[in-house]
Number of protein chains: 2
Amino acid sequence: MIGTLAAGALAPHPLYKEVKSRITRDLAAGVWKPGEPIPSEARLARGFGVSIGTIRKAIDELVAERILLRQQGRGTFVATHSEDRTLFYFFHIVGKDGSRELPMTEMLSFRKTTARKEDATRLAIAPGTPTLRIQNLLKLGGKPVVFDDIVVPGALFPDLDEHTFAGRDGTIYGLYQARYGINVIRISERLSSALATGTVAARLAIEAGAPVLVIKRVALSYNDTPVEYRVSTVNTAAHEYLSDLWKTEGR
Amino acid sequence: MIGTLAAGALAPHPLYKEVKSRITRDLAAGVWKPGEPIPSEARLARGFGVSIGTIRKAIDELVAERILLRQQGRGTFVATHSEDRTLFYFFHIVGKDGSRELPMTEMLSFRKTTARKEDATRLAIAPGTPTLRIQNLLKLGGKPVVFDDIVVPGALFPDLDEHTFAGRDGTIYGLYQARYGINVIRISERLSSALATGTVAARLAIEAGAPVLVIKRVALSYNDTPVEYRVSTVNTAAHEYLSDLWKTEGR
DNA sequence: TTCGATTTGTTCGTATGTATT
DNA sequence: TAATACATACGAACAAATCGA
């Protein structure tokens, strides 16, 4: 018998890759919501007309990419931005003594504007496209450490206003995910060193001209679609940016 | 029949984990040298008395950790530090225009000293232990961009002298690997911003007091054994540090 | 508390495809 | 062409964790 899937059109060679991209498509379409279980491996196998091993191989890769989360005896779930597990995957600032702490955030401003040139290229949209621009202050140990300047395409977040934003429960990416179905799964960051300008220095309670770490981040969703551009300015007097490749472990 | 391995003592639960740690042990012991193939999956399966699927699962993880490299039709090889594939995994400085370029390096000094406090804690050795300390200048596009201050335990590199070091063919980690059997498989980096001191500024041909990126790196071998501590100072006027989690792709 | 159904985790085995030498 | 090695796909059995009856 020919598998119902193998008989389909133009599989990108291996069967499990086809299964993976179909699951990814459904994930992107919101068929299963974050935190919810996807169908069991046995059910998916029957549905796709492939063996359970093929399903497992497809899911293996999605789990490695942190898009799905397996739990023995329970099921396989769409990863959320509310677990500690994923928090420190997107937040890299730690104390110089090695301490890891989640920041308290304070919204400083929320404006509707249009994409400047830099915003546009990073977000792959046309200059002048409506955007939301949010300024955020992150405190660690009660002291301001990071100043965030966030730009997102307005079209992705239709009715987002400053009260919704400031009154959110968890992280920003958690808000994107839970209320707008926008799932940040990967980030790309470029770091450089600079001198604090007067306005930023005031936010961070440091002197103008003090050295600061500047992080330019693009947040990406399924199929590497950019959904947020963020410039963070960090006071690294007592904190550092941690880049620990492959200590993800648990593999 | 009971598998020859399962009958052995105290497997850390799953069989494939035991297989993995045995392969890792042999790798660390230098049974197979970098660039050489390890035995075929079928041969390993017979040797361990387990199924080929179990071998594959163990090797899968070692490949994901970039310790091994599979090539269909050829075999499975011990990863080396000479392939482009791995170079940019350990070198993160790119042009602000996105250009990736391998640096020209110039050795500035090579000294035999002893571990200072910071060196000792990072390398997990006692303060005062003999070390080698090397200063290196990295040029991109002909201009100095990175100043490296490298400390390694002398015991790991018995007869290493400055001519061997300066006259090496490829990368520094390639030298560690090929001549001393020291295999760097992972790095952990902590980044901060600072003002250039006079001596470093002179090396980088910038003004003292200019902002620089400071990278403190620990290079790790099998079982997370630290083998090198390196402080890099980067002029980020025209370059950036790229942290691209999970664009490793090919998975 | 116990039991059974469900779901993922591990291990085995086999067959066939594809790349390399 | 033939042999070898990894890649894909299938199927089956049992273990371990979870959850509700």
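Sequence lines set the chain letters: A, B, ... in the order given, protein chains first and strands last, and positions in each chain run from 1.
Remark: Ser82(B) pairs with Thr80(B) by the side chain to side chain donor-acceptor pair (under 3.5 Å) rule, at least two apart or across chains. The ring pair (Phe, Tyr, Trp, His ring centres under 6.0 Å) test applied to Phe157(B) returns Tyr176(B), Tyr180(B), not counting sequence neighbours. Under the side chain to side chain contact (heavy atoms under 4.5 Å, CB included) criterion, Ile55(B) pairs with Val19(B), Glu41(B), Leu44(B), Ala45(B), Phe48(B), Val50(B), Ile59(B), not counting sequence neighbours. Legend: residues meeting side chain to side chain contact (heavy atoms under 4.5 Å, CB included) with Ser40(B), ordered by chain and number and at least two apart, are Ala42(B), Arg43(B). The side chain to side chain donor-acceptor pair (under 3.5 Å) test applied to Thr76(A) returns no partner, not counting sequence neighbours. The side chain to side chain contact (heavy atoms under 4.5 Å, CB included) test applied to Leu213(A) returns Leu191(A), Ile215(A), Val234(A), Thr236(A), Tyr241(A), Ser193(B), Leu213(B), not counting sequence neighbours.
The stretch residues 69-80 of chain A touches DNA chain C through Arg70(A), Gln71(A), Gln72(A), Gly73(A), Arg74(A), Gly75(A), Thr76(A), each having a heavy atom under 4.0 angstrom from the strand. Near-neighbour residues of DNA chain D inside residues 25-34 of chain B, defined by a heavy atom below 4.0 Å, are absent.
Within the structure, salt bridge (Lys or Arg N to Asp or Glu O under 4.0 Å) pairs that include any residue of residues 159-176 of chain A comprise Asp159(A)-Arg179(A) (at least two apart or interchain). For residues 89-107 of chain B, every residue pair satisfying the salt bridge (Lys or Arg N to Asp or Glu O under 4.0 Å) rule, not counting sequence neighbours, is listed here: Glu106(B)-Lys139(B).
The CZ-P distance, from Arg46(A) to dT7(C), rounds to 9 Å in whole Å. If you measure from atom CD1 of Ile52(A) to atom P of dT10(C), you get 14 Å, rounded to the nearest angstrom. For the pair Ile38(A) CD1 and dT8(C) P, the computed distance is 8 Å after rounding to whole Å. Counting to the nearest Å, the C1' atom of dA19(C) and the NE2 atom of His13(A) are 14 Å from each other. Glu18(B) has its CD atom 15 Å from the P atom of dT10(C), to the nearest Å. Residue Leu44(B) contributes atom CG, which lies 13 Å from atom C1' of dC6(D) at whole-angstrom precision. Following rounding to the nearest Å, Leu15(A) (CG) and dA7(D) (C1') show an atom-to-atom distance of 13 Å. Distance NZ (Lys20(A)) to C1' (dA9(D)): 18 Å, rounded to an integer number of Å.
In DNA chain D, stems built from 3 or more consecutive Watson-Crick or G-U wobble pairs, each with both distances under 3.5 Å, span C:2-21 with D:2-21.
Counting only distance, with no hydrogens or angles, the side chain of Glu228(B) and the backbone of Tyr173(B) share no donor-acceptor pair below 3.5 Å.
Side-chain atoms of Asp148(A) and Ser232(A) include a donor-acceptor pair closer than 3.5 Å. For His92(A) and Glu189(A), the side-chain atoms include at least one donor-acceptor pair closer than 3.5 Å.
Closest approach to the Ser51(B) side chain among dT7(C), dA9(D), dC12(C) is made by dC12(C) (side chain taken as heavy atoms from C-beta onward). Counting only heavy atoms from C-beta on, Glu41(B) has its side chain closest to dA7(D) among dT10(C), dC10(D), dA7(D).
Distances shown here put every side-chain N or O of Lys57(A) at or beyond 4.0 Å from the OP1 or OP2 atom of dA9(D). For Arg43(A), a side-chain nitrogen or oxygen approaches OP1 or OP2 of dT7(C) to under 4.0 Å. For the OP1/OP2 pair of dT10(C) and a distance below 4.0 Å, the side-chain nitrogens and oxygens of Thr54(B) include no atom meeting the criterion. For Arg56(B) and dC6(D), the shortest distance from a side-chain N or O to OP1 or OP2 is not below 4.0 Å.
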Can you give the donor-acceptor pairs under 3.5 Å from side chains of residues 24-35 of chain B to other protein atoms, not counting sequence neighbours?
{"from": "Thr24(B)", "atom 1": "OG1", "to": "Lys20(B)", "atom 2": "O", "distance (Å)": "2.8"}
{"from": "Lys33(B)", "atom 1": "NZ", "to": "Gly30(B)", "atom 2": "O", "distance (Å)": "2.8"}

